[in-house]
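What follows is one structure encoded as structure tokens, with my remarks underneath.
All of these numbers come straight from a predicted model, not from anything done at the bench.
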Amino acid sequence: MPRSALDVTDLRHRYGDREALGGVSFSVPAGELFGLLGPNGGGKTTLFRIVSTLMPPTSGSVRVSGDDVVGRPERVRRHLGVVFQAPALDVRLTVGENLKHQGHLYGLRGQTLAGRIADALGRVGLTDRARDVVQTLSGGLQRRAELAKALLHRPAVLLLDEPTTGLDPGARRDVWRHLAALRDRDGTTIVLTTHLMDEAARCDRVGIIHEGRLVAIGAPHALTGEIGGDVILITAGDPVALAARVRARFGIAGDVLDEHLRIERDRAHEFVPELVEAFPGEIDAVTFGKPTLEDVFMHHTGRRLN
């Protein structure tokens, strides 16, 4: 088994009377791209702040490359490269100047620093942009500059909070291409938070967090495979009444979500005609397909992600 890059054990945190994290535990092996998927307010940002040593937990522990975030925060910061959701670049400086000042914070100087800057820019495809002022760059290029800045001290773990927020689809794909390269080429462990299903599906493993608890964890294909069969989404005038009638007729329990009835059923293409025939005039529309990570979230929480 690969050594662990991140260990979270029974992590709990409270803001006064509100519980933000309620006993979260998971481990991330070295070289994995791990995603935390969940809605805003679900606990992702609190966990991110604790892992990045910005605040201590109420109880439980977090270790990064074996070092405790509370007991040895200065060593943890050496292991971590962090990209926050809010931009952390000085837009009036060039890309190279931003990286130079970041290097000084880690005690890098002279030829060593120059070499690290060249290496970091090369890793994210920004070698020819070192002299460009940050405010002249597109959002996608700025995000890549943030990645270069986080990689400057060659961290073992790259921590990213909603890394593609505000980017257009092309820039999002660009950032993900570079993240995959960092994992595959350099063996960098990447831990990120996201509320986007397509991004979570790109991860090696996903932890689904809801109301401060980890409700599911695994490879995306394994999580969707646990549901089995197909997912049927029914639009009806009275989905609550229809749910009761479907249960009585077919013995199937469905969930009413946002005025829709959701059913998990094997061989949906055979069942849907039978369903429509059983309740003529009560069903406005029916769609079905293989389970997605959103279906996994709904399966475990009874709610939509967004």
Starting at [atom1] of [X], measure out to [atom2] of [Y] and round the result to the nearest 0.5 Å.
X	Y	atom1	atom2	answer
Leu137	Arg129	CG	CZ	6.0 Å
Met298	Leu293	CE	CG	11.0 Å
Leu36	Leu214	CG	CG	7.0 Å
Leu47	His13	CG	NE2	11.0 Å
Asp161	Thr193	CG	OG1	3.5 Å
Arg116	Leu152	CZ	CG	7.0 Å

Is it the case that the side chain of [X] and the backbone of [Y] share a donor-acceptor pair, with hydrogens and angles ignored and the cut-off at 3.5 Å?
X	Y	value
Gln142	Gln135	no
Asp67	Arg63	no
Thr46	Gly43	no
Thr45	Gly41	no
Thr9	Gly60	no
Lys44	Ile209	no
Gln85	Pro163	no

Next item on the list: Taking ring-ring contact (aromatic ring centres under 6.0 Å, His included) as the test, write out the residues that go with His210, two or more places apart.
Entry: Phe297
Distance-only criterion, 3.5 Å: show the donor-acceptor pairs between side-chain atoms of residues 242-251 and protein atoms not counting sequence neighbours.
residue: Arg245; atom: NE; partner: Glu282; partner atom: OE1; Å: 3.2
residue: Arg245; atom: NE; partner: Glu282; partner atom: OE2; Å: 3.3
residue: Arg245; atom: NH2; partner: Glu282; partner atom: OE2; Å: 2.8

Check: Any salt bridge between Arg172 and Asp198, counting N to O under 4.0 Å?
Finding: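 Salt bridge present between Arg172 and Asp198.
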Margin query: Does this structure show an ion pair linking Arg183 with Asp204, if we count only N-O contacts that are shorter than 4.0 Å?
Written below: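 A salt bridge is present here (some side-chain N lies under 4.0 Å from a carboxylate O).
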Closest contact, heavy atoms only, [X] versus [Y]:
X	Y	answer
Thr127	Gly122	OG1-CA, 3.5 Å
Val206	Ala200	CG2-O, 3.2 Å
Val157	Ser65	CG2-OG, 4.4 Å
Pro239	Val256	O-CG2, 3.8 Å
Val51	Leu80	O-CD1, 3.4 Å
Gly237	Asp284	N-OD2, 3.6 Å

Next item on the list: Please write out which residues are connected to Val231 in a hydrophobic cluster, directly or through intermediates, given that two of Ile, Leu, Val, Met, Phe, Trp, Tyr count as joined at side-chain heavy-atom separations below 4.5 angstrom.
Entry: none
Item checked: Residues Asn40 and His195: side-chain donor-acceptor under 3.5 angstrom -> no
Check: Is it the case that Thr53 and Arg77 place a side-chain donor and acceptor less than 3.5 Å from each other?
Finding: yes
If you look only at distance, which donor and acceptor atoms sit under 3.5 Å apart when one is on a side chain in residues 99-106 and the other is two or more places apart or in another chain?
none

Next item on the list: Using the rule that two of Ile, Leu, Val, Met, Phe, Trp, Tyr join whenever any of their side-chain heavy atoms come within less than 4.5 Å, decide whether Val83 and Leu159 are in one cluster.
Entry: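 Val83 and Leu159: separate clusters.
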Next item on the list: Establish whether Val134 and Val82 are linked, either directly or via other cluster members, by ILVMFWY side-chain heavy-atom contacts under 4.5 Å.
Entry: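 The answer is no; the residues belong to distinct hydrophobic clusters.
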Checklist line | Asp295: partners by salt bridge (Lys or Arg N to Asp or Glu O under 4.0 Å), with sequence neighbours left out | finding: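 Partners of Asp295 by the salt bridge (Lys or Arg N to Asp or Glu O under 4.0 Å) criterion, ordered by chain and then number, come out as Arg262.
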Check: Which residues satisfy the salt bridge (Lys or Arg N to Asp or Glu O under 4.0 Å) test with Arg92, sequence neighbours excluded?
Finding: Asp90
Item checked: Ring centroid separation Phe84 to Phe48 under 6.0 Å -> yes
Item checked: Residue pairs involving residues 156-184 (criterion ring-ring contact (aromatic ring centres under 6.0 Å, His included); sequence neighbours excluded) -> none
Neighbour count above 12 (heavy atom, 6.0 Å) for [X] [atom1]:
X	atom1	value
Arg131	CZ	no
Glu270	CD	yes
Glu74	CD	yes

Mind checking what makes side chain to side chain contact (heavy atoms under 4.5 Å, CB included) contact with [X], not counting sequence neighbours?
X	value
Thr136	Asp132, Val133
Asp230	Ala268, Lys290
Ala241	Asp238

Item checked: Sequence-distant partners of Thr164, side-chain hydrogen bond (donor to acceptor under 3.5 Å, both in side chains), two or more places apart ->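 Here the qualifying residues are Glu199.
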Margin query: Before you tell me yes or no, could you show the steps for Ile227 and Val296 under side-chain contact (heavy atoms from CB on, under 4.5 Å), namely the whole-Å CA-CA distance, both residues' side-chain angles and the distance that decides it to 0.1 Å?
Written below: CA-CA 7 Å; Ile227 292 180; Val296 175; 3.8 Å; yes
Side-chain donor-acceptor distances from residues 17-35 under 3.5 Å, at least two apart:
residue: Glu19; atom: OE1; partner: Arg213; partner atom: NH1; Å: 3.0
residue: Glu19; atom: OE1; partner: Arg213; partner atom: NH2; Å: 3.1
residue: Ser25; atom: OG; partner: Asp10; partner atom: N; Å: 2.7
residue: Ser27; atom: OG; partner: Asp7; partner atom: OD1; Å: 2.6
residue: Glu32; atom: OE1; partner: Arg205; partner atom: NE; Å: 3.1
residue: Glu32; atom: OE1; partner: Arg205; partner atom: NH2; Å: 3.0
residue: Glu32; atom: OE2; partner: Arg205; partner atom: NE; Å: 2.9

Next item on the list: Determine, step by step, whether Val70 and Val62 satisfy the side-chain contact (heavy atoms from CB on, under 4.5 Å) criterion, reporting the C-alpha distance in whole Å, the side-chain angles of both residues, the deciding distance to 0.1 Å, and the verdict.
Entry: CA-CA 8 Å; Val70 174; Val62 176; over 6 Å; no
